[in-house]
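Below: one structure, written as structure tokens.
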Protein chains: 2
Amino acid sequence: MNDEPEVAVLRLGHRPGRDDRMTTHVGLTARALGADRVVFGPKASGSADTVRDITDRFGGPFGVEVTDAPKATISEWTGPVVHLTMYGLPIQNVQGDLRASLEAGEPVLFVVGAEKVSFDVYERADYNVAVTNQPHSEVASLAVTLDRLFDGAELDREWVGADREVIPMETGKRVVEP
Amino acid sequence: MNDEPEVAVLRLGHRPGRDDRMTTHVGLTARALGADRVVFGPKASGSADTVRDITDRFGGPFGVEVTDAPKATISEWTGPVVHLTMYGLPIQNVQGDLRASLEAGEPVLFVVGAEKVSFDVYERADYNVAVTNQPHSEVASLAVTLDRLFDGAELDREWVGADREVIPMETGKRVVEP
């Protein structure tokens, strides 16, 4: 979140059609919950466009990238690589290490798979992390992980360059120009 | 989570095809992160089947219901009704009230919309709650909300009647018969 080392999210694997909304939700969740950038694979340019559009309207800074070589993003990453998987170690046991990495100035990359993730990602990851060892949703896992990493500070993030802002309301909807 | 008053999740609105995976992920996230039951509308029986199948294999107790009258679930609910919406009040300001309701023995119903939610739901809800006022994902909002409601206790939940169990691993996958 701006003043810290970069937190990025890589969406690995994307089946056009079937994964469109999940991939878009991964990107929007990364943006809303404090990551600095999302990286999509080559087939997810539609999701990238949607997340860019939301950033244009609701503010940033937030980076959206499409890469032909998502695995290079992993292999070239200089800080901890965290693969979210239901087979991994409990997030509650790992979150302290991840916070310490950020505090030490190391950028953190979260890898969120769509289709089956190949074994080399498990091996390359510094942490394979599970938000419960139950099957549920990569979007849910990413959300809980980011909320725990930032300890709720991401909920108070300020947005720059928005042309609309939602004002919290007990009932109803209020949207203003900031 | 078993010894507390019921926490249920109602998925309101479902467009077959377009919403299938999101609706399934709402149900699986509800199950994995400590809710006791999910209620789907009449068009989401496919998602209901998937969540039931996961519960059969990975354990429960967890209730899966399909109703013809989802709004009756709201109007007849005896405890707080919490509508998750990006237009609502910050979760960090409401979570204390929700925990107090559970501690007072009141069941809590979370309402998660797919398509546009009609205004009567905003009015009937005791709380309209936002996990940030940014557009992202109802699955992410539900996940963060449940994790905060249960203060992480849901991550240590025990499962009953599972025929498979994932053992947390630093690298790789391990699944056993419990």
Side-chain angles (χ1 to χ4, degrees), chain A residues 18-19 21-22 24-34 54 57-59 85-93 119 122-123 125 127-144 146-148 152 154-157 159 165-175, chain B residues 18-19 21-22 24-34 54 57-59 85-93 119 122-123 125 127-144 146-148 152 154-157 159 165-175:
Chain A
R18 177 171 158 82
D19 289 329
R21 285 185 79 209
M22 294 309 301
T24 299
H25 282 221
V26 165
L28 293 176
T29 298
R31 173 186 170 278
L33 297 181
I54 292 289
R57 290 190 284 149
F58 287 87
T85 162
M86 67 178 277
Y87 300 100
L89 300 177
I91 179 63
Q92 60 270 40
N93 298 357
F119 195 66
Y122 288 81
E123 288 186 312
Y127 301 93
N128 289 287
V129 173
V131 175
T132 79
N133 295 107
Q134 299 295 319
H136 55 103
S137 173
E138 63 267 40
V139 172
S141 293
L142 179 63
V144 168
L146 291 173
D147 188 41
R148 285 169 168 261
E154 83 286 356
L155 301 179
D156 297 316
R157 182 183 166 174
W159 298 93
E165 182 182 353
V166 173
I167 306 297
M169 295 277 279
E170 256 188 48
T171 308
K173 305 179 185 182
R174 186 163 171 232
V175 184
Chain B
R18 177 172 158 82
D19 290 328
R21 287 186 77 207
M22 294 310 302
T24 300
H25 282 223
V26 165
L28 293 176
T29 298
R31 174 185 170 278
L33 296 182
I54 292 289
R57 289 190 285 150
F58 287 87
T85 162
M86 66 178 277
Y87 300 100
L89 300 177
I91 178 65
Q92 60 271 40
N93 297 357
F119 195 66
Y122 287 82
E123 289 185 312
Y127 301 94
N128 290 286
V129 174
V131 175
T132 80
N133 294 108
Q134 298 295 318
H136 56 101
S137 173
E138 63 268 41
V139 173
S141 293
L142 179 64
V144 168
L146 291 173
D147 188 41
R148 285 169 169 261
E154 83 286 357
L155 301 178
D156 297 316
R157 183 183 165 173
W159 298 92
E165 183 182 353
V166 173
I167 306 297
M169 295 277 280
E170 257 188 47
T171 309
K173 304 178 184 182
R174 186 163 172 231
V175 184

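Among A/Ala130, A/Ser141, A/Ala143, the residue with the largest count of heavy-atom pairs under 4.5 Å with chain B is A/Ala143. Note: A/Arg18 leads A/Glu154, A/Glu123, A/Arg57, A/Arg18 in heavy-atom pairs under 4.5 Å with chain B. Between chain A and the options B/Arg31, B/Glu165, B/Arg174, B/His136, heavy-atom pairs under 4.5 Å are most frequent for B/His136.
Considering every non-hydrogen atom in both B/Thr132 and A/Ala32, the closest pair reads CG2-O, 3.6 Å. Summarising the geometry of B/His25 relative to A/Glu138, their closest heavy-atom pair is CE1-OE1, 3.4 Å, with the distance given to 0.1 Å. Residues A/Thr29 and B/Ala140 approach most closely at OG1-CB, 3.5 Å, considering heavy atoms. Closest approach of A/Asp19 and B/Arg21 over heavy atoms only: OD1-NH1, 2.6 Å. The minimum heavy-atom distance linking A/Pro135 with B/Leu28 is given by the pair O-CB, 3.9 Å. Minimum heavy-atom separation, A/Arg148 to B/Gly152: NH2-CA, 3.2 Å.
Interface remark: B/Val175 contributes side-chain atoms only to the contact with chain A (heavy atom separation under 4.5 Å). With a 4.5 angstrom heavy-atom cutoff, B/Leu89 touches chain A via backbone and side-chain atoms both.
Between A/Thr171 and B/Phe119, the closest side-chain pair of non-hydrogen atoms falls below 4.5 Å. B/Met22 is not listed as a side-chain neighbour of A/Val139, based on a closest heavy-atom distance of 4.5 Å or more. With a 4.5 Å cut-off on side-chain heavy atoms, A/Val144 and B/Leu146 do not count as touching.
Between atom OG of residue B/Ser137 and atom CG of residue A/Leu142 there is a gap of 9.5 Å, rounded to the nearest 0.5 Å. Atoms CD and CH2, on A/Gln134 and B/Trp159 in that order, are 5.0 Å from each other to the nearest 0.5 Å. One distance of note links CD1 of A/Ile91 with CG of B/Leu155; it measures 9.0 Å at 0.5 Å rounding. Here CE of B/Met169 is found 11.0 Å from CG of A/Asn133. Values are rounded to the nearest 0.5 Å.
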Between B/Val131 and A/Leu33, is the side-chain contact (heavy atoms from CB on, under 4.5 Å) condition met? List the steps. CA-CA 9 Å; B/Val131 175; A/Leu33 297 181; 4.2 Å; yes
Assess the residue pair A/Phe58 and B/Met86 against the criterion (side-chain contact (heavy atoms from CB on, under 4.5 Å)); give the C-alpha distance rounded to whole Å, side-chain angles, the decisive distance to 0.1 Å, and a yes or no. CA-CA 12 Å; A/Phe58 287 87; B/Met86 66 178 277; 4.0 Å; yes
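Side-chain contact of A/Gln92 with B/Asp156: a donor-acceptor pair under 3.5 Å is present, judged by distance alone.
In this structure, B/Asn128 contributes its side chain and A/Glu170 its backbone to a donor-acceptor pair below 3.5 Å.
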